[in-house]
Amino acid sequence: MQTDVLAGLNPAQREAAEHIEGPLLIVAGPGSGKTRVITHRIAYLVRVCGVSPYRIAAVTFTNKAAREMRDRLERLLGGRALELTSGTFHAFCASLLRRDGQLAGLDRSFVIYDQEDQQSLLKRAMEEAKIDPKRYALGSVHAAISQAKSVLLEPAGYATTVKSYYEEVVLRVYERYQGLLAQSKALDFDDLILRAVRLLEQSPEVLEKYHSRYLHLMVDEFQDTNVAQYALARLLASKYRNVCVVGDPDQSIYSWRNADIRNILSFQKDYPDAKVVNLGENYRSTRNILETAKNLIAPNKARIERDLWTSKDPGPPIVVMEAHTEGEEAQMVVEEVERLRKREKVRLGDCAVMYRINAQSRALEEACLRFGLPYRLIGGLRFYQRKEVKDVIAYLRVIQNPYDEVSLTRIINTPPRAIGQRTLQDAAAWARDNNLPLYAGLQALVDRGGDGVLNARSVAAVERFLTLMVGLREEASKMGVADLLDLVVERTGYRQYLMESSDGRGEEQWENVRELRGQAVEVQELVEEQGLEAFLEKVALVSDVDHLDDSKDALTLITLHQAKGLEFPVVFMVGMEEGLLPHARSMDDPAELEEERRLCYVGVTRAQERLYLYHAFRRSMMGGSVPGVPSRFLQDIPRELIATSTTARVPSLSGMAGRPGRGPMDATAGGNGRGTASQAVPLKAGDHVTHKQFGEGIVVSCVAAGADHEVTVAFKGNAGVKRLLLSFAPLEKAG
DNA sequence: ATGTTTATTATTTTT
DNA sequence: TAATAAACAT
């Protein structure tokens, strides 16, 4: 039985899986079988140690990771896997607060505010606190408040840490913001964690309830936890101390979201008896890729040196290429993808292009479109952030919780129903003066016929709106969410509003609403009651990567951040330039620079078989075009691992001597060719060759480049001078 | 109340 | 550049 469950684990993995009593820290390098260890450890607990899955909680950062864990566990445990508590920190806390939050004065039907909701409430808080939005950027105040919450500081606690005038301002906004949240019966993402921690700290009954249930706690991606999340984990584990955390400090790329790698040190301090297991064997990448990764991460100072190894073959060399512009860079990627597909039988779905910023996806999308290459763009304009999706959700939220002011103000005049800025502003001010929530204030104003604040027309408009919402609220209890959604879009005229909108995107927007409805159907079928609450919770805590559908064969375009946790046989990293990776904003802070390096490391370690690194000679940024200096990170890759570098070498005969980079005619070189045409004897200058696409040409030069040869060929006709990699290019020596 | 023009500002975004 | 927000005019 015992050997059964842990069969196939290497000694370190087995050691981790078998350590079930007391604290455990698993430092898991990329591709070291982390998820495998977690799932097998749980299976071991259940099948060998007889622990009920009901008494195990596994916390992750993404719904996707949680689902993957559950799926894999189902294969090991069957239906019993469903008894396990697995989910994100936020989902865990939301259900904890939904269940027991009343003890802390929380309304059962609280809504969860996302980034956008938070910012619009914050904007109001800043207005009310009379803070000049020009001097104090919304984003930075938001970040400061979020950071305070992430270290468990409520306004009162934050007040004691205030040292500068700026922080004084933040405090004033923070207080106001919390007031508005409370009034809206809303929690932001940070509140979910913070309030859960406070509840467990302050209510012995609730703490005991969770203690008696959870015997074992596991935390995945521990390097990404913030102080509050770690505090939560510690509280939950304080009775049995059976806490297992898994992470990799080298893959910490979310410090800007208050993740604190020091939690790993804190863990060892808090649990001096913690067993530490290192998972260093990599099962994902070829040796060349792993060596590249190791050399890339090595220069970081704030780092514990760690060995990574693989028994895999070296595999193909890393390809480093320079393109002239980002357009050419994208084209080179697409052409290489096509080549791999045709010559190497690589599936499109096995390839991913990774970049630092979303704006870079544009050139890639265009190239894909031009070449008719199916692609899948992750992130970008995210589904749940789309206006039409948020509008419909806002209606449902107000139905569930009319105190939700952010949603209420969002929909009160969408579609336009003659309740303009002015009316709303006056009504909101009146409500505030009378100490009423907005919804109640509107009601009271209507009852008083405007009370001298609103004119008759506005009163009539508001009354119509309130009647509409009251009607919907009545119906809500009688039907499932999907049906309710249908009723909402019809009765409010929202569907018509979309379809008649002038911008011509109506159809597309309506499609998105339909998609949202599809998810409502899913919830409706899953839950016994109407499922409104479940649906709203789901859409609040779900992200787009979560339903990354890998059903269709398409090239994946993804940011480096989002790529964490994924793997692809072929990875293209584009924009390997100073200012982009590392990003310009991170270049003057050594700590941030180290995070950029980790980001680069994360990208590289996604690759299983082939890795391509591209940089451009010039890149358009914010209108203008700036010279692209190859990223400093490229310098850290040993030359012998690289197939070719076209950087700073140029054929002199084309009359561009002295200019780094590639000639303007050279638009397609490097992306074409075939991987099978390696020749025993390298070509020499003067040899006549033929190329499948470019036709006849004469070899200008042939120089060794790593294990390969770089051939410069002058082709006849308009193909011009090209530099090709001997092992890739379909060159044939002509007789 | 709403459509139009000008100004502003550009990372990453697990939840 | 291009997307969005605020100011402005209708």
Side-chain angles (χ1 to χ4, degrees), chain A residues 59-66 87-94 112-120 123 133-134 137-139 142-143 146 149-150 187-193 220-221 223-226 228-229 251-259 326 354-360 362-363 378-382 384-385 387 413 415-425 455 457-458 461 502-503 537-546 558-566 575 579-587 592 595-596 598-600 602-603 619-625:
Chain A
V59 196
T60 58
F61 270 86
T62 61
N63 294 295
K64 185 170 170 285
T88 63
F89 270 103
H90 294 87
F92 183 87
C93 292
I112 299 163
Y113 277 175
D114 69 13
Q115 180 94 4
E116 195 192 336
D117 303 324
Q118 289 168 36
Q119 299 232 356
S120 64
K123 208 164 163 185
K134 287 233 158 44
L138 185 66
H142 189 197
S146 173
K149 290 184 176 185
S150 79
L187 297 181
D188 65 18
F189 287 139
D190 297 310
D191 283 339
L192 290 173
I193 315 290
D220 193 13
E221 304 283 15
Q223 77 282 352
D224 290 333
T225 51
N226 63 32
Q229 287 158 340
Q251 291 185 65
S252 163
I253 54 174
Y254 281 101
S255 74
W256 54 277
R257 299 241 353 222
N258 307 314
E326 72 269 26
M354 300 177 186
Y355 37 83
R356 177 68 234 261
I357 62 170
N358 280 123
Q360 288 175 265
R362 175 174 228 115
I378 312 295
L381 314 106
R382 305 161 46 167
Y384 293 99
Q385 270 168 244
K387 185 190 173 297
N413 201 34
R417 40 174 82 89
I419 306 174
Q421 241 170 31
R422 188 63 197 280
T423 306
L424 188 60
Q425 218 169 355
N455 60 40
R457 243 174 68 172
S458 299
S502 50
D503 59 0
E537 183 133 327
K538 189 187 142 144
V539 297
L541 297 177
V542 94
S543 80
D544 292 316
V545 222
D546 291 334
I558 193 168
T559 64
L560 287 163
H561 281 92
Q562 289 182 305
K564 198 188 71 175
L566 304 177
L580 216 44
L581 187 67
H583 193 274
R585 293 221 173 165
S586 306
M587 291 206 294
E592 287 181 46
E595 183 145 316
E596 295 289 306
R598 291 193 292 270
L599 193 53
C600 186
V602 165
R619 185 172 296 271
S620 337
M621 293 200 92
M622 292 181 228
S625 170

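Fair warning: this is a prediction, and the values are worked out from it, not measured in the lab. Just so it is clear: chains get the letters A, B, ... in the order the sequence lines come, proteins before strands, and each one is counted from 1.
- Residue-level contact check: Ile253(A) touches neither bases nor backbone, having no heavy atom under 4.0 Å from any strand.
- Between Asn358(A) and dT12(B), a side-chain N or O to OP1/OP2 separation shorter than 4.0 Å is present.
- Between the side chain of Glu326(A) and the backbone N or O of Ser620(A), at least one donor-acceptor pair lies under 3.5 Å.
- Qualifying ring-ring contact (aromatic ring centres under 6.0 Å, His included) partners for Tyr113(A), counting only residues two or more places apart in sequence or in other chains: none.
- Of the listed nucleotides (dT12(B), dA1(B), dT14(B)), dT14(B) has the atom at the smallest distance from the side chain of Asp224(A).
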For nucleotides 6-8 of chain C, which of its nitrogen or oxygen atoms have a protein nitrogen or oxygen under 3.5 Å away, and what is each distance?
residue: dA6(C); atom: OP1; partner: Lys123(A); partner atom: NZ; Å: 3.4
residue: dA6(C); atom: OP2; partner: Lys123(A); partner atom: NZ; Å: 3.4

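- No engagement by Asp114(A) is indicated, since no non-hydrogen atom pair under 4.0 Å with the nucleic acid exists.
- Put simply, Asn226(A) has no side-chain N or O that comes within less than 4.0 Å of OP1 or OP2 on dT14(B).
- In this structure, the nucleotide among dT13(B), dA1(B), dT14(B) sitting nearest to the side chain of Thr423(A) is dA1(B).
- Two residues, Pro416(A) and Leu192(A), neighbour DNA chain B, and the one matched to the more 5' nucleotide by heavy-atom proximity is Pro416(A).
- Side-chain proximity of Thr559(A) to the nucleotides dT15(B), dT13(B), dT11(B) is greatest for dT13(B).
- Among the nucleotides dT13(B), dT14(B), dA1(B), the one closest to any side-chain atom of Lys564(A) is dT14(B).
- Side-chain proximity of Phe189(A) to the nucleotides dT15(B), dA10(B), dT2(B) is greatest for dT15(B).
- Contacts of Lys123(A) classified as side chain to side chain contact (heavy atoms under 4.5 Å, CB included), with partners at least two apart in sequence or in another chain: Glu127(A), Leu138(A).
- Partners of Tyr355(A) by ring-ring contact (aromatic ring centres under 6.0 Å, His included), not counting sequence neighbours: none found.
- Helical stems in DNA chain B, defined as runs of 3 or more consecutive Watson-Crick or G-U wobble pairs with donor-acceptor distances under 3.5 Å: B:1-10 with C:1-10.
- The base of dT15(B) lies close enough to the side chain of Arg257(A) for a donor and an acceptor atom to sit less than 3.5 Å apart.
- Of the candidates dT14(B), dT12(B), dT11(B), the closest approach to any side-chain atom of Tyr254(A) belongs to dT14(B).
- Side-chain proximity of Arg585(A) to the nucleotides dT14(B), dA10(B), dT12(B) is greatest for dA10(B).
- Ranking dT13(B), dT11(B), dT15(B) by closeness to the His561(A) side chain, first place goes to dT13(B).
- For dT11(B), the base has a donor-acceptor partner in the side chain of Arg356(A) [N/O atoms by modelled type, under 3.5 angstrom].
- Checked against salt bridge (Lys or Arg N to Asp or Glu O under 4.0 Å), Glu221(A) has the following partners two or more places apart in sequence or in another chain: Lys34(A), Lys564(A).
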